[in-house]
Amino acid sequence: MQNTLIQPRNQEEFQLVTQLMERMKIKSVVAEETPKQKKKREILDGLERSVEEMNAYLRSKIQMKSADDFLSEL
């Protein structure tokens with residue numbers, strides 16, 4: 001039989017795939033992330049949040065402070 005590697009993008013997708021596999025009675029093995037994979041995921045998640053925040057700013061949904069205002073608060 002063939003093996004398939006599935007890499008869900010978030011916890012919600014992981015739970016959905018897990019539930020589907022249980023219903024289909026498919027045997028699964030969950031591999032833990034290596035420290036390198038975890039660091040990469042954290043960096044990519046941070047970049048994704050930053051892009052979402054910038055898009056919200058460009059759509060005028062949020063206000064941002066200028067660098068001068070931010071530094072003057074320190």
Side-chain angles (χ1 to χ4, degrees):
M1 177 118 354
Q2 296 177 352
N3 294 324
T4 303
L5 175 64
I6 300 172
Q7 294 180 306
R9 291 174 290 200
N10 54 44
Q11 188 63 30
E12 184 179 312
E13 286 182 1
F14 176 76
Q15 290 174 347
L16 179 65
V17 169
T18 303
Q19 289 173 356
L20 177 64
M21 291 172 61
E22 286 174 0
R23 281 188 164 190
M24 295 176 70
K25 295 181 174 47
I26 296 173
K27 181 181 175 186
S28 65
V29 176
V30 178
E32 296 297 321
E33 282 183 320
T34 64
K36 185 176 180 180
Q37 290 171 327
K38 184 177 180 182
K39 186 68 174 173
K40 180 179 178 181
R41 181 182 48 79
E42 289 171 353
I43 291 170
L44 292 174
D45 288 346
L47 288 172
E48 187 175 314
R49 281 191 305 274
S50 297
V51 168
E52 289 172 2
E53 188 175 300
M54 185 57 73
N55 286 334
Y57 169 73
L58 293 173
R59 287 187 231 115
S60 301
K61 291 186 177 183
I62 62 171
Q63 292 275 334
M64 291 191 174
K65 295 181 182 179
S66 69
D68 291 334
D69 292 340
F70 177 74
L71 291 173
S72 66
E73 288 183 10
L74 296 177

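Residue numbers run from 1 in the order of the sequence given.
E33 pairs by the salt bridge (charged side-chain N to carboxylate O under 4.0 Å, His left out) definition with R41, not counting sequence neighbours. Here E73 pairs with K65 under the side chain to side chain contact (heavy atoms under 4.5 Å, CB included) rule; sequence neighbours left out. For E13, the side chain to side chain contact (heavy atoms under 4.5 Å, CB included) criterion is met by P8, R9, N10, not counting sequence neighbours. Judged as a side chain to side chain donor-acceptor pair (under 3.5 Å), and not counting sequence neighbours, the contacts of T34 are Q37. Not counting sequence neighbours, the partners of L20 by the side chain to side chain contact (heavy atoms under 4.5 Å, CB included) test are M24. Taking the side chain to side chain donor-acceptor pair (under 3.5 Å) definition, one finds that S72 meets it with nothing, sequence neighbours left out. For I62, the side chain to side chain contact (heavy atoms under 4.5 Å, CB included) partners two or more places apart in sequence, or in a different chain, are E53, A56, Y57, M64.
Here R49 contributes atom CZ and L44 contributes atom CG; the two are 10.5 Å apart, rounded to the nearest 0.5 Å. In this structure, the separation between CG on D45 and NZ on K38 is 11.5 Å, given to the nearest 0.5 Å.
Counting non-hydrogen atoms of neighbouring residues, nucleotides and ligands closer than 6.0 angstrom, the CE atom of M54 reaches no more than 12 such neighbours. Counting heavy atoms of neighbouring residues, nucleotides and ligands inside a 6.0 Å radius, atom CD of E12 does not exceed 12 of them.
Members clustered with L74: F70, L71, by chain and number, using a 4.5 Å side-chain heavy-atom cutoff among hydrophobic residues. Cluster partners of V51, using a side-chain heavy-atom cutoff of under 4.5 Å among ILVMFWY residues and allowing indirect links: none.
Legend: salt bridge (Lys or Arg N to Asp or Glu O under 4.0 Å) pairs involving residues 15-28, not counting sequence neighbours: none detected.
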